[in-house]
There are 2 protein chains.
Amino acid sequence: MKQFPKFYTKMLYDLIIIGGGPAGAAAGIYSARRKLNTLVIAKSFGGQMARKAVDIENYPGFEKISGLELIQKFEKHLRKNKVDIERDTVGKVKKIKDGFFVSTKSRKQFQAKAVIVASGADPRPLEAIGEKKFIGRGVSYCTACDGPIFADKDVAVVGGGNSGFEAAISLHSYAKKVYILEFNPQIIADGENQKLAEKLGVEVITNAALKEIRGGNFVDSVIYEDRKSKKLITLKVQGVFVEIGSQPATSFVKDLVEFSEKDEIKFDPRNNMTKTPGLFAAGDVTDVKWKQIVIAAGEGTKAALSAYEYIINKS
Amino acid sequence: MKQFPKFYTKMLYDLIIIGGGPAGAAAGIYSARRKLNTLVIAKSFGGQMARKAVDIENYPGFEKISGLELIQKFEKHLRKNKVDIERDTVGKVKKIKDGFFVSTKSRKQFQAKAVIVASGADPRPLEAIGEKKFIGRGVSYCTACDGPIFADKDVAVVGGGNSGFEAAISLHSYAKKVYILEFNPQIIADGENQKLAEKLGVEVITNAALKEIRGGNFVDSVIYEDRKSKKLITLKVQGVFVEIGSQPATSFVKDLVEFSEKDEIKFDPRNNMTKTPGLFAAGDVTDVKWKQIVIAAGEGTKAALSAYEYIINKS
């Protein structure tokens, strides 16, 4: 009997899908319906939908639905089909002779004939002093999750794109005062978002480079540089919401794929294969031109059908 | 004032979307949300979903829904956003200096800066004697639409793929006797479909080349050749359901695009552009590798966002 000293489990699947967002869920539904023995590894479901501050109005079939509701529908749909689900984070994907080993952060290991990377993107951190220290104690990357905690507090949203403005508009329902800090001199959010934020009394500060987040047990202020005057300015806030974009979650496949200049996985858009045969990618983790829920779901479906074809042709 | 003797109307849009299936509906929703002045030209909504004999269980978010219900949700979602809708069939798309003329079968003409072809695919006809004559009088290309008319009648489904078997299984609820006629010696439908059809008493005839459909006012029989014995055999049926695949609806853009060997429109899968700048394509009308509702919806979305980018960059 072979020994696997470093890992506790080892199971053989046809297909392992990494990620529980729209791409991963769609891939899982299709894979199960094609009778592939399928494992979905995801720390949580919904991907970036979970962080949506506003309702979703552009997933065809649902005129208006909250991110949470749509996640629940996707997860229920996935679970109705026969897939195994492992609630974990992937540590490493390794190419072996007949497929792949996929190991997780909690030191389990699985084997599969093919793998779909649908791990989406994580919020991009500020890399400001104090940021890490105050995560969960005033610093948040998810307005939808943490907004209600800041009732009657003053909060700053960092990032003046659409997601920053949507976060600010949503926070306005709870918080006493909402600031938006934007690094650039201009705001690029849609005119409608800007108008609504102005109407609600959101204070927009441009040319603001966030330097430090301060506090005792909890955040009590931020310090930003006014990039025009070069002065450091202190803003009394109890909450900091970071909305400066996202970065693809790809650390576990670094040596198996090629990357775009935005660190997204490059893939063949016809069949979703990466440069490693049997390793597919779908959704926001890839350099697909547009990042949208329905596009990710379509891409996950393409990846699953291509993986099915790959597995059938190999066996 | 310029005269347009051949056409009644002439209106200028940012974007014209041809087709009302999942790709066209998704494109329309996104185009309207990007504030493009949008026209959707479609004879009817839903595309091939309207012909689905069985419930849809693979559009993420809906565990099980009839084609008709999902069509209504897509159409309602589209209409909630601000688009013009023209219920017509496109006759011709013509490239002009600043965009395109799109003329319809009822002799209206529209102009747009960009066009998305999302016209899907039509059922492939048998090209058997009598087929055209008996359309609507026994010959049908839509089990979901026409099945109930054949209560207690005998019917033949032509085509032994999955859609043929699904049609036969669905017809079994109404018809007295259901035959499947398959041209090839083997059946390629899924094992589960075959098992269920057998259990329901569906009679599967392989090596059957349909030659003629006969009747008076209505179909009363079909004649097929047994390709093994070369004998002509008459089968008494009152209904003939044609399920031998589909063909892309592209006659109106023949000189503006390139075609695959299956007569599908070739396009750049990254931005959905065809070989003509400003002319985009999405969904089952294209050579996208897999034809599925959620893939078509994702492709329509990609096409709309690319068309938006194209229009903005031109103006």
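A note on names: the letters A, B, ... follow the listed sequences, proteins ahead of strands, and every chain is numbered from 1.
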Next item on the list: Would you please name every residue forming a side-chain contact (heavy atoms from CB on, under 4.5 Å) with Arg33(B), sequence neighbours left out?
Entry: Glu57(A), Asn58(A), Ile29(B), Asn81(B)

Next item on the list: Under 4.5 Å heavy-atom distance to chain A, tell me which part of Lys35(B) shows up: side chain, backbone, both or neither.
Entry: side chain

Note to self: Using a 6.0 Å cut-off, check whether atom CD of Glu192(A) has over 12 heavy atoms from anything other than its own residue.
What the structure shows: no

Check: Between CZ of Arg270(A) and CZ of Arg270(B), what distance do you get to the nearest 0.5 Å?
Finding: 10.5 Å

Next item on the list: Pick whichever of Ala296(A), Ala297(A), Ala26(A) has the most heavy-atom pairs under 4.5 Å with chain B.
Entry: Ala297(A)

Margin query: Which residues pass the ring-ring contact (aromatic ring centres under 6.0 Å, His included) test with Tyr30(B), not counting sequence neighbours?
Written below: none

Notebook entry, point to check: What is the distance from atom NZ of Lys76(B) to atom CD of Glu63(A), rounded to the nearest 0.5 Å?
Noted result: 4.5 Å

Item checked: Contact class of Lys80(B) relative to chain A, heavy atoms under 4.5 angstrom -> side chain

Notebook entry, point to check: By a 4.5 Å heavy-atom criterion (distance strictly below it), what part of Asp287(B) contacts chain A: side chain, backbone, both, or neither?
Noted result: both

Notebook entry, point to check: If you count the non-hydrogen atoms of other residues, nucleotides and ligands that lie under 6.0 Å from CD in Gln247(A), is the total more than 12?
Noted result: yes

Check: So, for Gly298(A) and Ile295(B), which heavy atoms are closest and what is the spacing to 0.1 Å?
Finding: O-CG1, 3.6 Å

Margin query: Please identify, among Val294(A), Asn271(A), Leu78(A), the residue contributing the most non-hydrogen atom pairs under 4.5 Å to chain B.
Written below: Val294(A)

Next item on the list: Select all residues of residues 304-311 of chain A having any heavy atom within less than 4.5 Å of some heavy atom of chain B, and report them by number, or 'none'.
Entry: Leu305(A), Ser306(A), Glu309(A)

Check: Looking at Gln292(B), Lys73(B), Glu75(B), Gln72(B), which makes the most heavy-atom pairs under 4.5 Å with chain A?
Finding: Gln292(B)

Next item on the list: Decide yes or no for Lys64(A) and His77(B): does some side-chain heavy atom of the first lie under 4.5 Å from some side-chain heavy atom of the second?
Entry: no

Next item on the list: Please indicate whether Lys195(A) has more than 12 foreign heavy atoms, meaning atoms of other residues, nucleotides or ligands, lying under 6.0 Å from its NZ.
Entry: no

Notebook entry, point to check: Who passes ring-ring contact (aromatic ring centres under 6.0 Å, His included) against Phe62(A), sequence neighbours left out?
Noted result: Phe62(B)

